[in-house]
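Notes follow the structure.
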Amino acid sequence: MTDNPKNELPKSYEPGAIEARWADEWVKEKLFSVATPAEGDTRPVFTLLLPPPNVTGRLHMGHMLNQTQMDIIVRWHRMRGFVTLWLPGTDHAGIATQMMVERQLASEHKRRTDLGREKFIERVWEWKKLYGGAIQDQMRRLGASVDWDREYFTMDENLSRAVREVFVRLYEQGLIYRGKYIVNWCPRCATAISDLEVKHEEVPGKLWEIRYPVVGTDEFITVATTRPETMLGDTAIAVNERDERYTHLHGKKVLLPLMNREIPIITDELAQPEFGTGAVKVTPAHDANDFVAGLRHNLPQIEVMDEHARMNQNAGPYAGLKREEARKRILADLREQGFLTGEKDYTLALGTCDRCGSVVEPRLSTQWFIKIQPLAARAIEVVEKDDIRFTPANYRQIYLNWMRNIHDWCISRQLWWGHQIPAWYCDCGEIIVAREAPSSCPKCGSSKLKQDPDVLDTWFSSGLLPFTALGWPEATRDLEVFYPTSLLITGFDILFFWVARMIMLGCWFMAPPEKPGLPGTDSDGRDARHPTSIEVEKQEVAVGERASRPFKAALSDEELRNSVPFRDVYIHALVRDADRQKMSKTKGNVLDPIQVIEKYGTDATRFTLAAMSSPGTDIAFNEKRTEGYRAFANKIWNAARFMFMNIERIDPGIRPGRTGVDARPHAGIAGFQTAVLEDRWILSRFNSVTKNVNGSLTAYRFDEAANAIYDFFWGELCDWYLELIKARLLPESETARGTCANLVALFEASLRLLHPVMPFITEEIWHAMYDGKPPLKSLALAEYPQADEAQIDRKAEAEMAILQDLIASVRNLRAELKVETKQRVPVEIFAEETAVRSLIEKNAGALERLANVEQVRFVTEPLASKSGARGTARFDLRLIYEQTIDVAAECVRLKKEMEKIEKGIAGGQRQLGNEQFLAKAPAQVVENLKKQQQELAVLHQKTQSKLNELGCGSDI
RNA sequence: GGGCGGUUAGCUCAGUUGGUUAGAGCGUCUCGCUUACACCGAGAAGGCCGCAGGUUCGAGUCCUGCACUGCCCACCA
């Protein structure tokens, strides 16, 4: 399995081939496929649904961040013994996919209508077959440990059946209705889109004032508008009833300029006296507010544009013009005829299509809607009751605010790619909503039925995934075991699109089944913009037939808690480029994760994303960081090489599991020998770090976890521990054997600790440690380290700190005195405390080796500064070396130090002299301060005597 | 119009429930190929923690205001 026997590891780590090999191996071995636990299986379960990428999509940095975080959490759970299911899949992505195929057709100078619906859909399936696998291949390279055996596609037959089931049930519950309303319409895509798919953009525009002649008088009434072209469809002028300027005109009519149509002046709250002239034109067919006002006053709805936003035959002389052109011409004509009386600059929030960027047109059309209030009520309740928790917590409020102001959801799309709406129309006017195609009309018996040509919003089907991907509507064992899922990790950009919908639909369909006889929905769930107008309903759908399936209105706490689609939601940040710019194709600053991976390796890229995942801010992806983490991988690699070299040299028989050290994956580092200070210390550190890493992962603090491991491995294990034990490894002896065994045990445990973040390099080294005959198929199946409090040794850590301090002091002094690197220098040490002295004595070898000194001698008196000595509160030291003391420079240094010390003392004095502080501060804080003050006092005295000794004046 | 976040070393960012001397990586400077690693080692320089008030024995951390910046939401013509 390992290409490189451990004694031939190359000098630097080359991730490419190694990562590719393991990525394949994991998939081939079906390492992450999970069997559904049987009844009676008591293991804890962890379930995570992959936010399904678009089937034709390619991996971007956002995906990689998302998947890295998920994989870390998933591997961590798996290693802790959870039955862990990470469920992958892809989304058919209605508009997005259809657009791509249309673009391809366009290059052949064809349109989808040239092919016809059936051929076009065939074409999309072909496209899917051709390009649909890209993202899965890319995911494998990331090492995403998903269960590929359970992969789904949102248009799979079973998922499509579930979609129809949901639609029919909602319809039967009276929660889906069809009607003619104003919707957001994209003239390029020629389809309705939901509120969420409209992006508002502030752009400079104009506010025009147009005067309409009042019939039978010589008066005019002036209105303000940002969209003069819609005036062709005006069916009224509204003024506010309490606006006295217009009282005398109530009930009169105006003549619509250009069209010469008489329209009434009505009074309505739509007109606000404070704004503009206080009079407003009413165009029910082209504005959402006007639409509602129109219903109130029974106004005609005159559409003047077609589905592509061209003026239609109702637009008289302007018919056939594009809306922009029509606006120009209308303004010109109005001006010429004296109706245009004003033009002001005005900033407007222009709605544009999320997909294609076209300016969205409010358009009157017949669509299907979900009456959302009853679902939203439940979705609010579960979050209020903390049955679903958000991380970071501030998303809870954002979610609730949105959910409390939610509008009915327009779910029909005038597209071909997607789940076709399961409604059939009969010539007799009957509408049949059914799970499968009906053969004849139940009312008139006709067999000439036509299915609704529209498809459902993509988010309708993806909103169901937490339960449909587990087999719903069948009562599967999977549903029983894996639902509710444990966690959802996703970006805030789809918080409303997807997360909110999953919560609504999950809580609706996974709650206990509806019971007959409970109240229906007719009294609640009204939407201001889509009023349940009786007139509209009568013409489209008969009320009585719909509410045949009442739902259970009130749920118990437990029923509610068990209905949620997931328990936790972790919202991650957006990945930006190194200059904090949003990555976009048009800006050309999109970083392709695969390219980054090829450059630095998957592990390094994953580590970068994890280390930068701190909550609250976006991630400015900086390749410099990745470069650094590639170096980290290389460091690990070389530490492993060091270990293997010693194993070979000392005892080729030493392997985990065969060493006397029990380093088998499930044994932890129980056999670790702790006779020597650095062993106790590193063991203590390992346990502290393990504790921190587990804690950080529990809180989804990927950055903390990654940094903790990094600092430990590099800063402590490599920089100190490995250096300290080198001396012990030198002679071939029992000591050397034991030391090597310790190293092996520690290394193995550290690999397990790091594995969720850097799965590839850890897997590679781990297998090499077992000579390709590991006790488990993969490190991914080994046990995750857990901290043992008993092994956290504060005394060892304190002693080690002194030793590190001492070594650093010598190094510092050497650098300052410019002692030749190779030259070993005798050193004199004064340590007042016997404990410190004996600690140094015991570790004199370490000092000599790491600081490159010799002949460590102890003296009984504090060392003179003139001799070039340095000191801390615990020790003085001096290098015996031909040295010229630059008295002036030393004085400057000492004075600077003195300043710091005095500042510290002054601050401490102030505090300790403050009775309030003594009374109110915790005892521990006071105690620490006192201790610190004692040390400062010692330092102060020492430094003062040095200053005196050198005769440093006060004026340096 | 409403809401949310950011502002800490040249750059990118950490900084736990307030605890006295604010950290890391990269970059910079000085040494060094010491038999794991130059993707390395050792050392150093570098911060009025956006501004102004307030609470507190004590504020980078809590409160208020302001400035700059980014984002989300919104049917006022």
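Everything numeric in this text was worked out from a predicted model, so none of it was measured.
Across all strands, A/Gln933 comes closer than 4.0 Å to no nucleic acid atom at all (heavy-atom distances). Among the atoms of the strands shown, none is found under 4.0 Å from any heavy atom of A/Ala238. Across all strands shown, A/Leu270 has heavy atoms under 4.0 Å from base atoms, whether or not it also approaches the sugar-phosphate. Using a 4.0 Å heavy-atom cutoff across all strands shown, A/Met612 reaches sugar-phosphate atoms only and no base atom. Residue contacts for A/Tyr346: at a heavy-atom cut-off of 4.0 Å it reaches the sugar-phosphate backbone alone, with no base atom in range. Looking at heavy-atom distances under 4.0 Å, A/Gln397 makes no contact with the nucleic acid at all. Nucleic acid contact class of A/Ala631 (heavy atoms, under 4.0 Å, all strands): base. Heavy atoms of A/Gly278 sit under 4.0 angstrom from at least one base atom. Residue A/Lys281 is classed as having no contact, given no heavy-atom separation below 4.0 Å to the nucleic acid. A/Arg701 comes within 4.0 angstrom of sugar-phosphate atoms only, judged by non-hydrogen atoms across all strands, and of no base. Contacts of A/Ser12 with the nucleic acid, taken as non-hydrogen atoms under 4.0 Å apart, include base atoms.
For A/Tyr13, there are no side chain to side chain donor-acceptor pair (under 3.5 Å) partners at least two apart in sequence or on another chain. Residues satisfying the side chain to side chain donor-acceptor pair (under 3.5 Å) test with A/Arg814, not counting sequence neighbours, are none. By the salt bridge (Lys or Arg N to Asp or Glu O under 4.0 Å) test, A/Arg824 pairs with no residue at all, sequence neighbours left out. With sequence neighbours excluded, no residue satisfies side chain to side chain donor-acceptor pair (under 3.5 Å) with A/Asp287. Every side chain to side chain donor-acceptor pair (under 3.5 Å) that A/Glu816 has, sequence neighbours left out, goes to A/Arg870. In terms of the side chain to side chain contact (heavy atoms under 4.5 Å, CB included) criterion, residue partners of A/Leu350 (sequence neighbours excluded) are, by chain and number, A/Val203, A/Leu348, A/Val359.
Side chain of A/Asp603 to backbone of A/Ile761: a donor-acceptor contact under 3.5 angstrom is found. Of the possible polar contacts, none joining the A/Asn812 side chain to the A/Ala808 backbone as a donor-acceptor pair under 3.5 Å is found.
Spacing of C1' atoms, B/C13 relative to B/G6, comes out at 12 Å, to the nearest Å. Nucleotides B/C26 and B/A22 are separated by 22 Å at their P atoms, to the nearest Å. For B/G10 and B/G46, the C1' atoms lie 9 Å apart once the distance is rounded to whole Å. Rounded to a whole angstrom, the distance from the C1' atom of B/C62 to that of B/U55 is 8 Å. Distance noted for atom C1' between B/G54 and B/A44: 40 Å (whole Å). With C1' as the reference atom, B/G50 and B/C33 are 46 Å apart, rounded to whole Å. Rounded to the nearest Å, the gap between the P atom of B/G58 and that of B/U20 is 15 Å. Comparing the P positions of B/A52 and B/G43 gives an interatomic distance of 37 Å, to the nearest angstrom.
Of the candidates B/A74, B/G43, B/A36, B/A36 carries the atom nearest the A/Phe642 side chain, counting heavy atoms from C-beta on. Closest approach to the A/Arg630 side chain among B/C73, B/U30, B/C39 is made by B/C39 (side chain taken as heavy atoms from C-beta onward). Of the candidates B/A42, B/C39, B/A77, the closest approach to any side-chain atom of A/Ala224 belongs to B/A77. Taking every side-chain heavy atom of A/Thr226 into account, B/A77 is the closest of B/A77, B/G43, B/C4. Distance from the side chain of A/Gln272 is smallest for B/C76 among the nucleotides B/C76, B/C4, B/A36. Comparing B/A36, B/C37, B/C73 against the side chain of A/Phe496 picks out B/C73 as the nearest. Closest to the side chain of A/Met645, out of B/C73, B/U35, B/C37, is B/U35. For A/Asn634, the listed nucleotide lying nearest its side chain is B/C39; candidates were B/A36, B/C39, B/A74.
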Could you list the protein-to-nucleotides 61-63 of chain B atom pairs, N/O on both sides, closer than 3.5 Å?
none

So which protein nitrogen or oxygen atoms get under 3.5 Å of nucleotides 19-29 of chain B's nitrogens or oxygens?
{"from": "B/U20", "atom 1": "O2", "to": "A/Gln911", "atom 2": "NE2", "distance (Å)": "3.1"}
{"from": "B/U20", "atom 1": "O4", "to": "A/Val925", "atom 2": "O", "distance (Å)": "3.3"}

Between protein and nucleotides 31-33 of chain B, what N or O pairs are separated by less than 3.5 Å?
none

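Stem regions for RNA chain B, each three or more consecutive Watson-Crick or G-U pairs with both distances under 3.5 Å and listed by first number, read B:1-7 with B:67-73, B:10-13 with B:23-26, B:28-32 with B:40-44, B:50-54 with B:62-66.
If you measure from atom CG of A/Asn394 to atom P of B/C71, you get 17 Å, rounded to the nearest angstrom.
Interatomic distance, A/Arg327 CZ to A/Thr226 OG1, rounded to the nearest 0.5 Å: 7.0 Å.
Each of A/Asp719 and A/Asn707 has a nearest nucleotide on RNA chain B; the 5'-most of these lies closest to A/Asn707. For A/Ala349 and A/Ala808, each mapped to the nucleotide of RNA chain B holding its nearest heavy atom, the one lying further toward the 5' end belongs to A/Ala808.
For the pair A/Phe917/A/Val926, a side-chain contact is recorded, criterion being any heavy-atom separation below 4.5 Å from C-beta on.
Note: A/Phe607 and A/Tyr629 meet the aromatic proximity criterion, with ring centroids under 6.0 Å apart.
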**Q.** Stepwise side-chain contact (heavy atoms from CB on, under 4.5 Å) test for A/Ile765 and A/Phe747
**A.** CA-CA 10 Å; A/Ile765 296 172; A/Phe747 212 101; 4.0 Å; yes
Side chains of residues 709-719 of chain A: which donor-acceptor partners sit under 3.5 Å, not counting sequence neighbours?
{"from": "A/Glu716", "atom 1": "OE1", "to": "A/Arg685", "atom 2": "NE", "distance (Å)": "3.0"}
{"from": "A/Glu716", "atom 1": "OE1", "to": "A/Arg685", "atom 2": "NH2", "distance (Å)": "3.3"}
{"from": "A/Glu716", "atom 1": "OE2", "to": "A/Arg685", "atom 2": "NE", "distance (Å)": "3.0"}

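Residue A/Asn812 places at least one side-chain N or O under 4.0 Å from the OP1 or OP2 atom of B/A44.
Taking the charged nitrogens against the carboxylate oxygens, A/Glu229 and A/Arg227 do have a contact shorter than 4.0 Å, which makes a salt bridge.
The two residues A/Asp354 and A/Lys199 come nearest to each other via the heavy atoms OD1-CE, 3.4 Å.
Sorted pairs that involve residues 629-640 of chain A and meet salt bridge (charged side-chain N to carboxylate O under 4.0 Å, His left out), not counting sequence neighbours, are lacking altogether.
You won't find any donor-acceptor pair under 3.5 Å spanning the side chain of A/Glu209 and the base of B/A77, going by distance alone. Side-chain to base pairing of A/Lys635 with B/C37: one donor and one acceptor N or O lie within less than 3.5 Å of each other. Contact of A/Lys726 with B/A36 (side chain to base): a donor-acceptor pair of N or O atoms is detected under 3.5 Å.
A donor-acceptor contact under 3.5 angstrom links the side chains of A/Asp234 and A/Tyr212, judged on distance only.
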